[in-house]
Amino acid sequence: MERSLAPAVDRYFADMLAPADDVLAAVLAANAAAGLPPHDVSPLQGRMLEILARAGVAARVDLRVGNALDTLPRLRAEGRCPFDLVFVDADKRSSVAYLDAALALTRAGSVLVFDNVVREGAVLDASSEDPSVHGVRQLAARLAAEPRVVATALQTVGTKGWDGFALALVVSPDPAPPT
Ligand code: DHB
Ligand code: MG
C-alpha cells in the first residue's frame, strides 16, 4: 500500500471514532493564527489521550507552567524523581538540554521519548539551517554516543504528515548529584 494513503486512513477512522468538534476547531485556528508550531496531536491521537485520562490517571496530573529547563531541575530538588517515562515534545533546538534534564530525573529502566525527530525527512539534511533540524540531529548524535541509554527512532505517518520519535531506554543511572 502507498504511504500516501496513511492520511486517508487516519481520516477514515477519525470520521467514525473522533469526529469534528467545533470548539476544538476554533482552538486549533486560534493557535495557528498566533503562530504556534503545529504541535497539536491528531484527533485519533487525542482520543487515545482521552482514554488514558478516563482510565483514572487524570488525578495524578501535576501541571508546572514555565521553561522546562527551569522547572525540571526543581522536580529533582523536590524529590519527585525518578520518573518511569519522560515524553519530550518541546522546542527541538534544545533537545540535548532536555535529554540532560531527563537523565537527571530518571533511573535505569526508565523510557525517554522525543517527538518530531523525522520532520518530513528533513532530519537527513546535515546542512539545514533550520534550528529544529539541527536540534534533532544533535539529539541523534548524543543518543548514539550516550553510554547511559540504548536508543532507536521510529517513523510515523498520518494526518499530521510524516514524522517520528526517538525512543531511549535508560540503562544506567545518572551519576549522584554533587553534594
Ligand atoms: C512541531 C513540533 C511538534 O511538537 C509537533 O508535534 C509537530 C511540529 C514543529 O516544531 O514544527
Ligand atoms: Mg510533537
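In what follows, residues are counted from 1 in the order of the sequence shown. Every number for a ligand or one of its atoms is a count from 1 in the order of the listing.
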Backbone of [Y] reached by a side-chain donor or acceptor of [X] within 3.5 Å:
X: Arg148; Y: Leu103; answer: no
X: Asp84; Y: Ser110; answer: no
X: Ser42; Y: Gln45; answer: yes

SB check [X] [Y] (cutoff 4.0 Å):
X: Arg64; Y: Asp62; answer: yes
X: Arg74; Y: Glu78; answer: no
X: Asp100; Y: Arg142; answer: yes
X: Lys160; Y: Glu120; answer: no

To the nearest 10°, how many degrees is the angle Asp115 OD2 to the Mg ion (ligand 2) to Asn116 OD1?
->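 Between OD2 of Asp115 and OD1 of Asn116, at the Mg ion (ligand 2), the angle is about 90°.
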
Please find out if the Mg ion (ligand 2) and some N, O or S atom of Asp89 are separated by less than 2.8 Å.
-> yes

Every residue of the protein that comes under 4.0 Å of ligand 1, judged on heavy atoms | Pro37, Pro38, His39, Asp89, Lys92, Asp115, Asn116, Arg119

